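Quick notes on the structure that follows.
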Amino acid sequence: MSDDVMNHYPPLPRLPAHVGIIMDGNGRWAKQRGLPRMAGHRAGVENLQRILDAAMKFGVQIVTLYAFSTENWRRPHEEVTGLFNLLREVLDKEVAQLHQNGVQLRHIGDLEALPDDLKASILRTVELTRHNDRLIANIAFNYGGRDEIVRAVRAIVAEGVPAEAITDEVIAAHLDTAGLPDPDLIIRTSGEMRLSNFLLWQAAYAEFYVTSILWPDFGEEAFYEALRAFANRKRRFGALDDSS
Ligand code: IPE
Ligand code: IPE
Ligand code: MG
C-alpha cells in the first residue's frame with residue numbers, strides 16, 4: 001500500500017473535544033520482552049509523543065493523560081523515583097518541541113507532594129506554554145479523583161462559600177480541570193475495565209473505551225479506532241433518543 005493510502009483516515013462525523021487517556025500496560029509490555037519495568041515506561045513516554053501528534057492530526061482539542069496516580073506511591077521506591085526522573089527528562093528535553101508545535105501543557109493533581117525541583121519545572125512549563133492553542137495536554141501526575149475533590153471542598157470551605165451557594169458549577173470551578181469541558185471519551189489501554197481514581201467527577205457522562213493493546217503499542221491507528229467507536233456511540237445524558 002502507498003503511504004498515501006496508509007495515512008488515510010476517513011473523516012469522522014463527530015469528534016470528542018476532550019479525550020482522557022489512562023495510559024496503562026507499560027509494565028506488562030516490558031515483561032513480555034524480558035525488560036525491566038522502566039523500559040516499559042520509557043516506551044510509554046515515546047508513545048505519548050506519537051499520540052499527541054495524532055491528537056493534533058485528528059483535531060482533538062484537549063487530552064488528559066493519566067501518568068502517575070496518588071496510589072502509584074505504593075509501588076517500589078525505585079519505580080516511583082524512576083517515574084519522577086522520566087518526567088524530569090521529558091520536561092527538560094521534549095518541552096521545546098511541544099511548545100514549538102503549539103501544545104499547551106497543563107498539570108492536574110497535587111503538586112505539593114512532589115519534589116521541589118519537579119514542581120518548579122512543571123510550573124515553568126505550564127507558564128511557558130500557556131498561550132499555545134493547538135492542543136491542550138493536561139498531564140495528570142500525582143493525580144487522584146478523590147484527592148482532587150477533597151482539595152476542591154477544602155478550597156470552597158476556606159473561601160467561606162455558604163452551603164446553599166454550593167452547586168455543580170461551584171464544585172467544577174474548584175477542580176484542577178476548572179474551565180475545561182468534561183471528557184467526552186475516556187480510553188484505557190491494556191484491558192483493565194476500571195477508572196483507578198481518574199477524573200471521578202468529570203467522567204460522569206464520558207464514553208468509556210477499553211482496548212487490550214498495551215500503552216506503548218497504542219499508536220495512531222488504534223487512537224483513530226477509539227475515535228471511530230466514539231463517533232458511533234449514542235449519548236443520551238439521561239434523556240431519550242430523537243428516535244424514541
Ligand atoms: C501505566 O503502566 C503507567 C503507570 C501507572 C505509571 P503500568 O506501570 O501500570 O503497567 P502495568 O499495568 O504494570 O502493565
Ligand atoms: C492507573 O494505572 C494509573 C495510571 C495509568 C497512571 P494503574 O496501573 O496504577 O492502575 P491499577 O492499579 O491497575 O488500578
Ligand atoms: Mg497498570
Side-chain angles (χ1 to χ4, degrees), residues 18-52 54-55 62-91 94 105-115 118-119 121-122 125 136-151 175-177 183 185-203 206-219 222-223 226:
H18 182 176
V19 180
I21 308 184
I22 303 173
M23 308 184 289
D24 198 12
N26 294 347
R28 277 162 281 177
W29 185 93
K31 194 168 179 196
Q32 283 175 359
R33 286 161 178 76
L35 297 170
R37 291 181 59 84
M38 278 318 295
H41 293 313
R42 238 168 228 292
V45 168
E46 277 167 34
N47 191 51
L48 181 51
Q49 309 269 7
R50 281 196 283 276
I51 292 304
L52 291 177
I62 307 165
V63 289
T64 297
L65 305 148
Y66 206 7
F68 189 87
S69 75
T70 46
E71 288 69 40
N72 287 147
W73 291 95
R74 296 177 185 156
R75 295 189 179 195
H77 179 72
E78 192 184 271
E79 181 164 346
V80 172
T81 54
L83 288 165
F84 290 180
N85 284 335
L86 208 49
L87 180 61
R88 279 191 183 95
E89 222 177 287
V90 170
L91 291 168
E94 316 290 349
L105 283 159
R106 298 192 186 192
H107 170 264
I108 63 169
D110 182 13
L111 273 183
E112 296 314 315
L114 295 175
L118 199 50
K119 180 182 161 190
S121 179
I122 291 169
T125 301
I136 293 176
N138 280 314
I139 311 298
F141 202 96
N142 196 25
Y143 174 88
R146 288 189 174 184
D147 174 69
E148 180 189 37
I149 293 169
V150 168
R151 286 184 289 105
L175 297 174
D176 299 341
T177 51
L185 170 67
I186 292 179
I187 298 170
R188 184 163 187 156
T189 57
S190 89
E192 310 297 350
M193 298 195 190
R194 54 177 172 264
L195 280 174
S196 302
N197 209 5
F198 187 49
L199 301 179
L200 295 184
W201 171 277
Q202 300 89 334
E207 294 296 325
F208 205 42
Y209 180 88
V210 175
T211 169
S212 59
I213 301 173
L214 304 176
W215 172 251
D217 293 329
F218 182 82
F223 189 38

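Whatever order the structure lists them in is the order used to number ligands and atoms, beginning at 1. Small disclaimer: the values here were computed from a predicted structure and weren't measured.
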> Is Arg74 in contact with ligand 2, taking contact as a heavy-atom separation below 4.0 Å?
Replying inline: no
>> Could you tell me if the side chain of Glu148 sits less than 4.5 Å from the side chain of Gln202, heavy atoms only?
In response: yes
> Given side chains that start at C-beta, do those of Ile186 and Phe198 come closer than 4.5 Å, heavy atoms only?
Replying inline: yes
> Quick one: do the Arg146 and Thr70 side chains pair a donor with an acceptor below 3.5 Å?
Replying inline: no
Contacts table for ligand 1: protein N or O within a distance under 3.5 Å of ligand N or O, distances only.
residue, atom, partner, partner atom, Å
ligand 1, 2 (O), Gly25, N, 3.4
ligand 1, 2 (O), Asn26, N, 3.2
ligand 1, 8 (O), Arg37, NH2, 2.8
ligand 1, 8 (O), Arg75, NH1, 2.7
ligand 1, 9 (O), Asp24, OD1, 2.9
ligand 1, 9 (O), Arg75, NH2, 2.9
ligand 1, 10 (O), Gly25, N, 3.4
ligand 1, 10 (O), Asn26, N, 3.1
ligand 1, 10 (O), Gly27, N, 2.9
ligand 1, 12 (O), Asp24, OD1, 2.9
ligand 1, 12 (O), Arg28, NH2, 2.8
ligand 1, 13 (O), Arg37, NH1, 3.2
ligand 1, 13 (O), Arg37, NH2, 3.1
ligand 1, 14 (O), Gly27, N, 3.3
ligand 1, 14 (O), Arg28, N, 2.8
ligand 1, 14 (O), Arg28, NE, 2.7

>> Going by the rule ring-ring contact (aromatic ring centres under 6.0 Å, His included), which residues pair with Phe84 if we only count those two or more places apart in sequence or in a different chain?
In response: Phe68, Trp73, Phe141
> Do we see a donor-acceptor contact under 3.5 Å between the side chains of Glu79 and His41?
Replying inline: yes
> Could Arg28 and Glu192 be called an ion pair, given the rule that one side-chain N must be under 4.0 Å from one carboxylate O?
Replying inline: yes
> Near the Mg ion (ligand 3), which protein N/O/S atoms fall under 2.8 Å?
Replying inline: Asp24 OD1
> Just wondering, are more than 12 heavy atoms of other shown residues or ligands nearer than 6.0 Å to CZ in Arg42?
Replying inline: no
>> Please evaluate residues Arg151 and Asp176 with respect to the criterion salt bridge (Lys or Arg N to Asp or Glu O under 4.0 Å), reporting the C-alpha separation (whole Å), side-chain torsions for both, the decisive distance (0.1 Å), and the verdict.
In response: CA-CA 9 Å; Arg151 286 184 289 105; Asp176 299 341; 2.7 Å; yes
> Quick one: which of Leu87, Asn142, Ile139 gives a side chain to side chain contact (heavy atoms under 4.5 Å, CB included) with Ile122?
Replying inline: Leu87
>> Need the ligand 2 atom indices (1-based, order shown) with element for anything under 4.0 Å from a heavy-atom of Arg194.
In response: 11 (P), 13 (O), 14 (O)
>> Applying ring-ring contact (aromatic ring centres under 6.0 Å, His included), can you list everything that pairs with Trp215, at least two apart in sequence or on another chain?
In response: Phe218
